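Computed from a predicted model, the values in this text were never measured in an experiment. Letters A, B, ... are given to chains in the order of the sequence lines, protein chains preceding strands, and every chain is numbered from 1. The figures that follow rest on heavy atoms only: side chains count, while hydrogens, waters and symmetry mates do not.
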2 protein chains.
Amino acid sequence: MQDIPRATVGRLARYLQGLEELARSTVSSEDIAAAVGVNAAQVRRDLSYLGHQGVRGVGYDSESLRSAILREMGLIDTVGVAIVGAGHLGQALAGYRGFEDRGFLVAGLYDVDPDKVGTAIHDIPIRHIDQLLGDGRNGLFQIAIIATPAEAAHEVLARLADAGIRSILNFAPAVLRPPVSVEVRNVDLSTELQILSFYRSRK
Amino acid sequence: MQDIPRATVGRLARYLQGLEELARSTVSSEDIAAAVGVNAAQVRRDLSYLGHQGVRGVGYDSESLRSAILREMGLIDTVGVAIVGAGHLGQALAGYRGFEDRGFLVAGLYDVDPDKVGTAIHDIPIRHIDQLLGDGRNGLFQIAIIATPAEAAHEVLARLADAGIRSILNFAPAVLRPPVSVEVRNVDLSTELQILSFYRSRK
DNA sequence: CTCTGTGAAACACTTCACAGCG
DNA sequence: CGCTGTGAAGTGTTTCACAGAG
């Protein structure tokens with residue numbers, strides 16, 4: 001199997017939502033494109049990575065396309081996620097509907113604040129960060145999100161790596177240097193605002 | 001002046017932070033690259049869009065490089081931002097240090113909840129969403145962030161467009177169809193998690 | 001005749017590698 | 001000599017445009 005471009009992977013789940021919204025038994029690439037707001041050729045190219053799913057002259061069968069996407073993305077079984085840092089961002093992420101829709105289960109929030117530890121947000125328990133290592137090793141989660149202040153991020157990364165977690169999404173504004181076996185993706189909330197602002201001023 | 005690639009704009013502010021961390025009067029592209037975690041050739045290419053700022057054999061003068069970046073990005077005067085939706089995400093964004101560091105002033109949070117309206121978060125007042133139109137027209141903000149549930153996003157977009165706001169950052173998981181005069185950038189919090197998860201399972 | 005699947009071109013961005021300035 | 005600035009090559013992604021399946 002050839003490998004699927006990252007950009008495509010990022011869109012597949014959206015096609016799934018688009019299919020749901022359209023709620024038709026057959027859909028064309030145009031339909032999907034309109035529903036999720038991308039180019040139709042893009043949709044066809046993306047879906048072609050799943051093998052031949054469409055019928056020429058007709059379109060795609062919603063139900064089998066749905067299964068094909070789910071299968072390809074490994075969305076069949078749920079992936080456990082730990083959110084480290086139970087501040088506003090951590091809580092926002094814990095309540096984000098998008099995650100469960102896409103096969104993720106937030107297994108726990110981790111924090112150092114004794115007032116928070118022991119409580120729960122959106123039914124997700126807040127545990128002390130010292131439990132991170134044990135919980136990770138016990139397979140409670142496979143992926144972690146760092147939503148702490150920048151100062152704490154390095155320490156958290158080290159603990160996660162220790163716990164054998166190899167996929168980390170970092171929202172803290174810090175430059176992390178992960179060991180080679182760990183993949184860290186950084187999300188900078190201000191970058192997009194920056195870009196928007198920049199081009200606004202020069203049009 | 002040729003136009004600067006979006007990817008470059010997204011990095012310029014990080015170089016600024018890197019310069020601050022380094023705290024040296026002269027820095028090389030290698031230094032900056034190491035500080036912010038990118039390739040040195042990338043740094044040189046990015047900085048070359050600002051015109052000749054460096055001295056061959058020596059490096060860049062921190063202070064004048066700093067000014068050049070600030071000038072280029074229009075970070076001289078503060079840009080007002082409205083955050084619509086005072087849920088956890090809105091509150092997290094309101095408290096996000098990164099924004100003020102990069103020349104943005106969060107002018108207000110807007111919500112429909114009467115329990116929230118009239119209070120403040122991080123010294124940012126929460127106003128009723130009906131004030132959005134007037135405040136926007138009065139120039140209180142130039143950019144808006146949508147941090148509402150998906151259902152409310154369309155309505156909010158319409159009001160913002162009405163208020164003359166032409167740059168919008170959307171965190172709601174909804175496909176928005178802005179009028180041509182408005183630029184909307186979508187941030188999907190689960191896309192990155194999706195990508196991470198996908199490649200984790202196939203390594 | 002419609003709509004997919006895909007070569008090929010276009011585009012955007014990154015990285016290499018090195019000429020040449022100070 | 002050390003480092004910038006940049007042609008040129010490389011990589012990843014999008015879009016066009018159309019052959020051909022149904």
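- Contacts between residues 60-68 of chain A and DNA chain D, defined by a heavy-atom separation under 4.0 Å, are absent.
- Relative orientation of the F99(B) and F104(B) rings is perpendicular, given thresholds of 30° and 60° on the angle between their planes.
- Donor-acceptor pairing under 3.5 Å, judged by distance alone, is present between the side chain of R45(B) and the base of dT15(C).
- For the pairing with R159(A), the side-chain contact (heavy atoms from CB on, under 4.5 Å) check across L133(A), V84(A), I129(A) returns one residue only, I129(A).
- A close approach under 4.0 Å does occur between a side-chain nitrogen or oxygen of N39(A) and OP1 or OP2 of dC16(D).
- The nearest heavy atom of DNA chain D to A41(B) and to V58(A) marks one nucleotide each, and the one closer to the 5' end goes with A41(B).
- Distance, Q42(B) CD to dA17(C) P: 16 Å, rounded to whole Å.
- Atom-to-atom, CD1 of I195(B) to P of dT13(D) comes out at 9 Å; the value is rounded to the nearest Å.
- Atoms NE2 (H52(B)) and C1' (dC3(D)) sit 14 Å apart, rounded to a whole Å.
- If you check every strand for non-hydrogen atoms under 4.0 Å, A7(B) touches sugar and phosphate atoms only.
- Among the protein residues, E30(B) comes within range of no part of the nucleic acid, since none of its heavy atoms lies under 4.0 Å from any strand.
- Residue contacts for S29(B): at a heavy-atom cut-off of 4.0 Å it reaches the sugar-phosphate backbone alone, with no base atom in range.
- Residue order along DNA chain D, read from the 5' end via each residue's closest nucleotide, puts L47(B) first among L47(B) and R56(A).
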